[in-house]
Amino acid sequence: MPELPEVETVRRGLAPVFAGATIVRVDQRRPDLRFPFPENFAARLTGKRVESLERRAKYLLARLDSGEVLVMHLGMSGSFRIEQDAETIIPGVFFRPRSALGPHDHVVFSLSNGGTIVYNDPRRFGFMLLSGSDVENHPLFRNLGVEPLGADLDGRALARLFAGKTTLLKAALLDQTLIAGLGNIYVCEALFRANLSPRRVAGTLALRDGRPSAKAGLLADVIKQVLSEAIEAGGSSLRDHRQTDGNLGYFQHSFKVYGRAGDPCVNATCGGTIERIVQNGRSTFYCGRCQR
DNA sequence: CCGACCGCCTGCCTGC
DNA sequence: TGCAGGCAGGCGGTCG
């Protein structure tokens, strides 16, 4: 499932319930997800107040009044759902009644405001861990690249990041140590919007005579654009991914290349066909005519 | 240091 | 209809 727009959608869905609430109970229903849960996971969360719910790249960060930070990653198939009692609906939070737990419901947070947050993850590629308050120095975060929606990403920054790189452009965009938060879908979509081939060498977008190329500037712009539009649409729902209120995001209907192998290119004047190739073991979708 | 590849899990879709 | 095989949004680790 989740790339940056989906994680941001989840953050926005959870924040009204989670932020400001005190965790009154944690049911950890198995010893591990992708990694083992931290020692005394439930005990270290119980009784703590969630001060804020933030996002860094594809990570959710719940800052606790204990000074610890609950770090959550959804992997490929993780999702949260919010359940409440009909008598005590939290203002602004979609009502979904309590339901029986399923086999892939791995963590249940019960909150002081009456809300319950259930983490479900069939493939268990997600994980939860606890960090000190200086999350940015945690090993998982220390090498993370720039936040794509932040002011730090522009043509100049991209050009610097790609300087001297002989990697494929597609691979460079997926490299979380360069830009943090892009995944396979939005990289395909951004490259299409920028008319850039995923097979291009990343270094060809580097600085020339100390100035970023127009291509680098355009790529930075369309990355922000596609991510923003996807967040606006509530993310993408592939397979069965849902938002925290159970609703589907609908940005998948706006995909122009992802999953569209064999379809005609949407650029009316092009006449080309979307192709699927495999790069670094991942599917890439692109138009070989528009994208150079 | 870098890139290529593997493995972690389950579920869904396709094609025979 | 049934089943085997392929494929999936991520990411850390290993190997050359």
Side-chain angles (χ1 to χ4, degrees), chain A residues 1-11 29-37 55-60 71-80 102-107 119-129 138-145 148 161-191 198-203 223 226-227 230-231 233-243 248-262 276-285:
Chain A
M1 150 211 155
E3 302 184 26
L4 186 153
E6 290 71 41
V7 178
E8 178 61 21
T9 299
V10 169
R11 190 195 68 76
R29 307 182 70 233
R30 51 173 300 123
D32 56 16
L33 294 171
R34 176 168 183 185
F35 306 123
F37 281 93
R55 179 190 58 73
R56 168 75 169 110
K58 302 172 194 171
Y59 297 88
L60 288 169
V71 177
M72 298 172 280
H73 194 289
L74 302 171
M76 298 266 269
S77 61
S79 65
F80 287 97
H104 304 307
D105 291 334
H106 304 308
V107 183
Y119 179 70
N120 178 284
D121 188 353
R123 291 174 71 178
R124 305 203 302 272
F125 285 178
F127 54 88
M128 295 189 189
L129 55 87
H138 188 281
L140 280 175
F141 291 79
R142 200 176 305 149
N143 297 315
L144 275 185
L161 289 173
F162 292 162
K165 287 240 174 286
T166 55
T167 329
L168 294 173
L169 180 56
K170 165 92 183 306
L173 290 170
L174 282 173
D175 184 342
Q176 303 296 302
T177 69
L178 301 178
I179 306 168
L182 297 181
N184 204 33
I185 292 177
Y186 295 104
V187 165
C188 291
E189 294 298 317
L191 286 171
R199 308 167 70 163
R200 181 185 270 270
V201 169
I223 286 170
V226 72
L227 295 178
I231 291 169
S236 304
S237 299
L238 291 191
R239 304 179 181 280
D240 59 351
H241 172 242
R242 307 224 160 204
Q243 301 176 23
L248 295 167
Y250 49 91
F251 191 72
Q252 66 278 11
H253 304 301
S254 302
F255 293 166
K256 298 198 166 44
V257 289
Y258 187 83
R260 304 192 55 163
R276 174 184 177 271
I277 59 172
V278 175
Q279 297 179 300
N280 303 327
R282 319 276 310 268
S283 291
T284 298
F285 298 90

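Because the structure is a prediction, the values reported are computed rather than measured. Order of the sequence lines sets the chain letters (A, B, ...), proteins ahead of strands, with each chain counted from 1.
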Base, sugar-phosphate or nothing for [X]? Non-hydrogen atoms, less than 4.0 Å.
X         : result
Tyr59(A)  : sugar-phosphate
Arg34(A)  : base
Gly183(A) : sugar-phosphate

Taking only side-chain nitrogens and oxygens of [X], does any of them come within less than 4.0 Å of OP1 or OP2 of [N]?
X         : N      : value
His104(A) : dC9(B) : no
Arg30(A)  : dC9(B) : no
Lys165(A) : dG3(B) : no

* Using the ring of each side chain (for Trp, its six-membered ring), is Phe141(A) parallel, tilted or perpendicular to Tyr59(A), with breaks at 30° and 60°? ->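 Judged by the thresholds at 30° and 60°, the geometry between Phe141(A) and Tyr59(A) is tilted.
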* To do: May I ask you to say whether Arg123(A) pairs ionically with Asp121(A), meaning some side-chain N is under 4.0 Å from a carboxylate O?
  =>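 Asp121(A) and Arg123(A): not salt-bridged.
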* To do: Sort by first number and list every stem of DNA chain C: at least 3 consecutive Watson-Crick or G-U wobble pairs, both distances under 3.5 Å.
  =>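 So the stems come out as B:2-8 with C:10-16, B:10-16 with C:2-8.
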* Using the P atom in both, what is the distance from dT1(C) to dG11(B), to the nearest Å? ->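 About 22 Å, rounded to a whole number of Å.
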* Whether Phe125(A) stacks on the six-membered ring of dC8(B) base, 5.5 Å and 30° limits ->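 Yes, Phe125(A) stacks on the base of dC8(B).
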Identify every side-chain donor-acceptor pair in residues 182-191 of chain A under 3.5 Å, counting partners at least two apart or on other chains, and give the distances.
from: Asn184(A); atom 1: OD1; to: Lys170(A); atom 2: NZ; distance (Å): 2.8
from: Asn184(A); atom 1: ND2; to: Ser283(A); atom 2: O; distance (Å): 2.9
from: Tyr186(A); atom 1: OH; to: Glu6(A); atom 2: OE2; distance (Å): 2.6
from: Tyr186(A); atom 1: OH; to: Ser236(A); atom 2: OG; distance (Å): 2.6
from: Glu189(A); atom 1: OE1; to: Lys256(A); atom 2: N; distance (Å): 2.8
from: Glu189(A); atom 1: OE2; to: Lys256(A); atom 2: N; distance (Å): 3.3
from: Glu189(A); atom 1: OE2; to: Val257(A); atom 2: N; distance (Å): 3.0
from: Glu189(A); atom 1: OE2; to: Tyr258(A); atom 2: N; distance (Å): 2.8

* Asked: Does the base of dC9(B) carry an N or O that pairs as donor and acceptor with the side chain of Arg123(A) under 3.5 Å?
  ->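 Side chain to base: pair present.
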